[in-house]
Amino acid sequence: MNKQPYNQQLLDFIYQSPTPFHAVKNMREILEAGGFTRLPEETDWDIQPGGRYYTVRNGSSLIAFIAGRQSALESGMRLVGAHTDSPCLKVKPKPELNRQGYFQLGVEVYGGALLNPWFDRDLSIAGRLVFDSGEGSLDQTLIDLKRPVAVIPSLAIHLDRDANNERKVNPQTDIPPLLFRDPDKSVTDFFEFLAKELSSSGDLPEKARILDHELYLYDCQKPALTGMQSEFISGARLDNLLSCFTGVQALLEAGDQVSCMLVCNDHEEVGSTSACGANGPMLQSVLQRLYPDPGLLTRVMRQSLLVSADNAHGIHPNFADRHDNNHGPRLNEGPVIKVNANQRYATNSISAAMFRHLCEKEGVAVQTFVNRTDLSCGSTIGPITAAMIGVQTLDVGVPTFAMHSIREMAGADDAFNLYRALRGFYNHQSTLTIQET
């Protein structure tokens, strides 16, 4: 695939994936079109050499793999990890707020969101609903209202003269979005109101009663190629749907000789500790089904490499002093190897050297990121997964501006070059290991 169609498909995927549930749904459709078969976790699995499979947990995490024809004891596995969630605003269980004749929603902040950019945006609502169908059964569905239905208006500068100097955002009181006028306080149950709206549009059965939900607000503005030469990608959820899409596309082009796997976990932005997070049992349970003998699994992992793909901080031209002088990755100059002495990233000299070697073969430039020593460092699923399954691990990502904002920015070349690197990684035939000394 060439860069232009790749980037357009990336933009379409991000736009159609406002929540982790939608992202997994869209990845499933891409994988099935590419010949992958779903394996429900509650069934027995019949894995055939050369077969292409995937499994889903909670509708928000996905693991896809190719069962290589070569013995994994000889060639190991090529694993790529990413995460499906992004910082955002999540609707509270009882969100109804009626103040000054306006109907608003109470929201929680999911993950480490940059809050100021959420003001004055056209927001919509998407997520998962669990409902009583009206016929005695429970069901679930994904919804996406797609149109602007909410906004968080800023306070005018005339009422806050110090706004440009010291305005702080109180997440409890300052960010409830406004949905509509309701001077008579006629709407007392938002989900009863929502059920009627969705029933009238055919998105829910007429008698459906919403019992619970996981709903999120998102920016309606579409992702786009920006810059005078269209050299940048701007959009929501680049962290980390860009890596999810890149991993899927690379896996589609993997051969059937060596075993390859893509792991896309939910809940990375809130610590990864859940049934479907990286600090949970999902990956280990899949690997145990592929290699039931514990000794065999350990031997396979010792021959394997995990590339944890999660965006990196590009050096911001207005804030270059926030970077280490020798480690400021630039947009459109290649994917970034992420290093941290305190194991916030799992990269070591061996895994970094392997990735550099692979990228040299693919003609992909590589950069390095190390945080300023006097600033704290974020983390990824890399160290967590490495600790869970004992696999050699590398942290990489495309350099990005405005990480955790409602709209982030990356390089149009970098997304495509990460895809080229991961495609080469999946198709690398020789051993990935270096003998222990």
Side-chain angles (χ1 to χ4, degrees), residues 72-82 240 243 246-247 250 258-261 263 268 278 283 297-315 323-330 333-400 414 417-418 420-437:
L73 282 174
E74 298 177 4
S75 58
M77 294 189 75
R78 287 102 177 92
L79 299 98
V80 172
N240 191 28
S243 299
T246 299
V258 298
S259 294
C260 299
M261 181 173 284
V263 184
E268 189 272 348
L283 175 57
L297 177 56
T298 298
R299 293 168 67 192
V300 170
M301 288 300 100
R302 294 302 302 148
Q303 297 285 90
S304 304
L305 178 65
L306 165 67
V307 177
S308 168
D310 200 349
N311 297 19
H313 295 293
I315 185 168
H323 283 260
D324 183 272
N325 288 338
N326 292 339
H327 302 91
R330 293 180 172 85
E333 293 190 14
V336 179
I337 296 174
K338 300 157 69 173
V339 179
N340 181 258
N342 296 298
Q343 287 296 294
R344 300 296 287 170
Y345 304 131
T347 306
N348 63 22
S349 58
I350 293 176
S351 60
M354 290 177 180
F355 189 73
R356 291 183 192 279
H357 186 60
L358 287 166
C359 286
E360 285 178 2
K361 289 189 173 183
E362 298 299 322
V364 173
V366 176
Q367 305 181 82
T368 304
F369 173 79
V370 176
N371 224 54
R372 278 183 60 114
T373 307
D374 54 358
L375 292 178
S376 61
C377 181
S379 191
T380 70
I381 68 166
I384 296 170
T385 308
M388 291 287 287
I389 63 173
V391 65
Q392 184 85 255
T393 301
L394 166 88
D395 272 294
V396 302
V398 301
T400 308
D414 292 329
N417 281 328
L418 179 61
R420 290 174 57 207
L422 295 183
R423 181 182 60 186
F425 170 60
Y426 277 140
N427 285 288
H428 187 69
Q429 296 294 312
S430 58
T431 182
L432 294 168
T433 58
I434 299 175
Q435 292 297 319
E436 294 281 0
T437 56

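One is the number of the first residue; the rest follow in order along the sequence. Model, not experiment: these values are computed from the prediction.
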Any luck finding a side-chain donor-acceptor pair between Thr400 and Asn311 under 3.5 Å?
yes

Which heavy-atom pair separates Gly334 from Pro399 by the least distance, and what is that distance?
O-CD, 3.6 Å

Separation between OG (Ser379) and CD1 (Ile384), nearest 0.5 Å, reads 6.0 Å

Check the pair Leu358 / His428 against side chain to side chain contact (heavy atoms under 4.5 Å, CB included), numbers first and verdict last.
CA-CA 8 Å; Leu358 287 166; His428 187 69; 3.4 Å; yes

Between the CZ atom in Phe369 and the CG atom in Asn326, the distance rounded to the nearest 0.5 Å is 13.0 Å

With a 4.5 Å limit on heavy-atom distance, are the side chains of Val391 and Met77 in contact?
no

What distance separates Leu297 CG from Arg302 CZ, expressed to the nearest 0.5 Å?
12.0 Å

Going by heavy atoms in the side chains, are Ile381 and Asp310 under 4.5 Å from each other?
no

Nearest 0.5 Å, please: how far is CD in Gln367 from CD1 in Ile315?
10.0 Å

Please check this pair: side chain of Arg420 against backbone of Glu362, looking for a donor-acceptor N/O pair closer than 3.5 Å.
yes

Determine whether Met354 and Leu394 make a side-chain contact, defined as any pair of heavy atoms from C-beta on separated by less than 4.5 Å.
no

With a 4.5 Å heavy-atom cut-off, do Thr380 and Lys338 have their side chains touching?
yes

Under 4.5 Å between any side-chain heavy atoms of Val263 and Thr385, yes or no?
no

Looking only at heavy atoms, the pair that brings Ala365 and Glu333 closest together is CB-O, 3.8 Å

Return yes if some donor-acceptor pair links the side-chain N/O of Tyr426 with the main-chain N/O of Ser259 below 3.5 Å, else return no.
no

I'd like to know if the side chain of Asn371 and the backbone of Ser376 have a donor-acceptor N/O pair within less than 3.5 Å.
yes

Inspect the surroundings of CZ in Arg372 and state if more than 12 heavy atoms from other residues, nucleotides or ligands are less than 6.0 Å away.
yes

For the residue pair His327 and Pro329, what are the closest heavy atoms and their distance?
O-CD, 3.2 Å

Run Phe355 and Leu305 through side chain to side chain contact (heavy atoms under 4.5 Å, CB included) and show every step you take.
CA-CA 10 Å; Phe355 189 73; Leu305 178 65; 5.9 Å; no

Determine whether the side chains of Asn348 and Gln392 contain a donor N or O and an acceptor N or O closer than 3.5 Å.
yes

After noting the C-alpha distance and the side-chain angles of Leu422 and Thr246, does the key distance pass the side chain to side chain contact (heavy atoms under 4.5 Å, CB included) rule?
CA-CA 8 Å; Leu422 295 183; Thr246 299; 3.8 Å; yes

Could you check whether Thr347 and Asp395, counting side-chain N and O atoms only, form a donor-acceptor pair closer than 3.5 Å?
no

Gln303 (side chain) donor-acceptor with Leu73 (main chain) under 3.5 angstrom
yes

Are the side chains of Thr393 and Pro383 in contact, using a 4.5 Å heavy-atom criterion?
no

Taking it one step at a time, do Val336 and Thr368 satisfy side chain to side chain contact (heavy atoms under 4.5 Å, CB included)?
CA-CA 5 Å; Val336 179; Thr368 304; 5.5 Å; no

State, to 0.1 Å, how close Leu418 and Ser243 come at their nearest heavy-atom pair, and which atoms those are.
CD2-OG, 4.5 Å

Interatomic spacing from CG in Leu306 to OG in Ser351 - rounded to 0.5 Å
9.5 Å

Taking the side chain as every heavy atom from C-beta outward, state whether Cys377 and Tyr345 have any atom pair closer than 4.5 Å.
yes

